[in-house]
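Note sheet for the following structure.
Excluded from the calculations below are hydrogen atoms, water molecules and symmetry mates; all remaining heavy atoms, backbone and side chain alike, are included. Letters A, B, ... mirror the listed sequences (proteins, then strands); counts begin at 1.
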Amino acid sequence: MSEQSPGERVEAFQAPTGTRDVLPPESARFAALIERFGTLARRAGYGLVVSPLFEDPAVFRRSAGEESDIAKDEMYEFADKGGRPLALRPEGTASVVRAFVQHRPVLPWKTWYVTPAFRYERPQAGRYRQHHQLGVEALGSEDADLDVEVIALGARYLGAVGLGNVALKINSMGDGACMPAYREALIGYLATNEARLCDGHRQRWKHNPLRVLDCKNAACKAVTAQAPRLSAFWCKECRAHYDRVRTGLGALGVGFCEDDFLVRGFDYYTRTTFEFAALSLDAAQNVVLGGGRYNGLVEQLGGPHTPGIGFGSGIERVLLAADAEGALADLGRGIDVFVVDVTDGSAARDLTEQLRAAGIGAERAFDQRSMKAQLKLADRSGARVAVIVGADERARGVAMMRDLRGEDRNQTEVPLAELVEALRARR
RNA sequence: GUGGCCGUAGCUCAGUUGGUUAGAGCGCCAGGUUGUGGCCCUGGAGGUCGGGGGUUCAAGUCCCCUCGGUCACCCCA
């Protein structure tokens with residue numbers, strides 16, 4: 001039963017604010033990123049983790065930090081029909097760590113994931129309420145060489161999708177032994193220089209003093225230029241770890257620069273932090289891959305002390321950067337052959353399936369279109385070859401094989417029994 | 001959450017100081033070519049002018065509200 005009264009027009013629904021549909025042909029690039037990343041991750045011994053899109057909100061709050069913006073006002077929270085509080089995943093790491101705590105897999109546990117992520121914020125260039133991330137999380141080792149492996153994997157991934165113009169920054173956040181002292185020193189310094197901070201941070205610096213370090217405002221930059229350096233506070237162990245990371249990256253030929261002010265958005269980072277920025281994008285949203293070590297996070301979520309490191313990479317951001325660099329431009333549709341049937345369609349029906357079964361990408365037209373229309377579709381499908389079957393060919397058990405690309409576009413007759421072989425020969 | 005700009009066909013846009021049946025290019029469909037795509041020619045389909053209210057003899061055009069988009073701040077991927 002229709003609920004509309006006669007003549008009433010139904011509104012055209014559209015995707016909610018800050019979300020979008022990823023459609024062909026763009027979705028091919030989306031898929032290519034995931035495929036290439038998955039291949040590299042598996043090759044390095046990382047296994048896929050698929051976990052629920054929603055969790056107890058406390059999982060995300062504990063992880064990102066109770067005081068973080070994500071925890072405070074960017075989470076999609078709701079209660080299900082049983083009254084259970086739930087939240088949509090705002091980032092990738094927390095869920096994986098929660099799964100680790102729950103299942104206690106054998107260490108080291110090296111995983112990768114692809115997932116949507118939800119944050120309630122105003123959309124703008126390169127930022128959505130639902131975006132997509134892929135990444136890795138490796139738990140159970142404190143070895144700096146694992147940091148190197150993870151960073152190298154990130155670099156390899158960005159290279160594999162064709163991004164050349166990227167810059168890697170690394171830093172160390174210290175640990176429980178040295179970070180508190182730095183924090184105190186920074187707070188003391190900011191307190192005496194409060195008046196010179198930018199408008200926003202003059203009000204908010206106490207809320208998260210470290211954030212002032214990566215403020216883009218000139219006023220803040222002038223202040224932080226003289227601020228105490230985190231690196232001067234590193235304890236012996238943190239310095240040794242950091243040095244091993246630097247050495248490792250150097251040995252692998254992964255270029256990087258060190259940035260004392262690299263402070264990432266989540267509270268859980270200890271020691272190594274890193275970011276890859278796409279230099280072809282505006283600085284406000286140019287981080288395409290970022291992560292770091294989180295040696296206290298597993299305990300935060302109720303597990304045993306277990307060190308970990310990982311990164312997340314925004315698919316939309318990487319795609320923006322790929323656009324800017326002209327990368328990933330020529331992904332075909334995977335159609336090798338277009339079957340043109342000017343009989344009753346049964347030849348197209350049977351031949352396309354036969355070709356697909358043989359591993360050949362095959363497409364056809366439906367609805368008994370004219371031969372001219374079918375060839376037009378064949379042209380646009382990207383196929384290299386059209387296989388044409390008319391009444392005459394069908395009667396004789398043959399097909400015309402026509403070149404759609406290249407210089408000489410000849411056309412030859414092939415017995416149906418030899419079609420697959422003939423098409424393969426043309427590859 | 002705050003602010004700027006913008007909503008006319010599937011897409012990119014034009015639309016004179018408010019004035020008949022709202023246009024173009026591209027795309028789509030068909031024909032030119034009774035079995036041949038890309039180029040060309042002809043024709044066709046396709047529009048709640050984002051939505052609602054108001055002013056007016058008359059609103060795509062002016063006013064208000066609203067929804068959406070976009071950009072920036074904030075924050076982040």
Original post:
To the nearest angstrom, how far is Phe60(A) atom CZ from C76(B) atom C1'?
Top reply: 16 Å
Original post:
What's the CD-P distance between Glu91(A) and C75(B), to the nearest Å?
Top reply: 18 Å
Would you say the side chains of [X] and [Y] form a donor-acceptor pair under 3.5 Å?
X	Y	answer
Asp175(A)	His241(A)	no
Ser280(A)	Asn165(A)	no
Thr115(A)	Arg89(A)	yes
Gln130(A)	Tyr76(A)	no

Checking contacts here: which listed nucleotide ([options]) is nearest the side-chain heavy atoms of [X]?
X	options	value
Val287(A)	G35(B), A72(B), A77(B)	A77(B)
Arg122(A)	C75(B), U70(B), A77(B)	U70(B)
Met371(A)	G35(B), A30(B), A77(B)	G35(B)
Gln411(A)	C76(B), U36(B), G37(B)	U36(B)
Glu121(A)	G37(B), A30(B), C75(B)	C75(B)
Glu74(A)	G35(B), C75(B), G31(B)	C75(B)
Tyr128(A)	C71(B), A77(B), G35(B)	A77(B)
Leu404(A)	C28(B), G37(B), G35(B)	G37(B)
Tyr120(A)	C29(B), A77(B), G1(B)	G1(B)

Contact class for [X] (heavy atom, under 4.0 Å): base, sugar-phosphate, or nothing?
X	result
Glu275(A)	nothing
Gln14(A)	sugar-phosphate
Arg211(A)	sugar-phosphate
Lys376(A)	sugar-phosphate

Side-chain N or O of [X] versus OP1/OP2 of [N]: is the shortest distance under 4.0 Å?
X	N	answer
Thr17(A)	C67(B)	no
Arg369(A)	C29(B)	yes
Ser313(A)	A77(B)	no
Gln124(A)	A72(B)	yes
Arg127(A)	C71(B)	no

In whole Å, measure the gap between the [atom1] atoms of [N] and [M] for me.
N	M	atom1	result
U20(B)	G60(B)	P	10 Å
G52(B)	A59(B)	C1'	15 Å
G47(B)	G31(B)	C1'	25 Å
U2(B)	C74(B)	C1'	9 Å
G46(B)	C39(B)	P	26 Å

Subject >> Any strand: nucleotide that pairs with G1(B) via Watson-Crick or wobble, under 3.5 Å >> reply: C73(B)
Original post:
Which one is paired to G25(B), where only Watson-Crick or G-U wobble pairs with both distances under 3.5 angstrom count?
Top reply: C11(B)
**OP:** Starting at CZ of Arg61(A), measure out to CG of Asp56(A) and round the result to the nearest 0.5 Å.
**Re:** 8.0 Å
Original post:
Closest nucleotide of RNA chain B for His131(A) versus for Gly18(A): which of these residues is on the 5' side?
Top reply: Gly18(A)
**OP:** Report yes or no: is the cationic atom of Arg246(A) (NZ for Lys, CZ for Arg) under 6.0 Å from the centre of the six-membered ring of Tyr242(A), at an angle within 45° of the ring normal?
**Re:** no
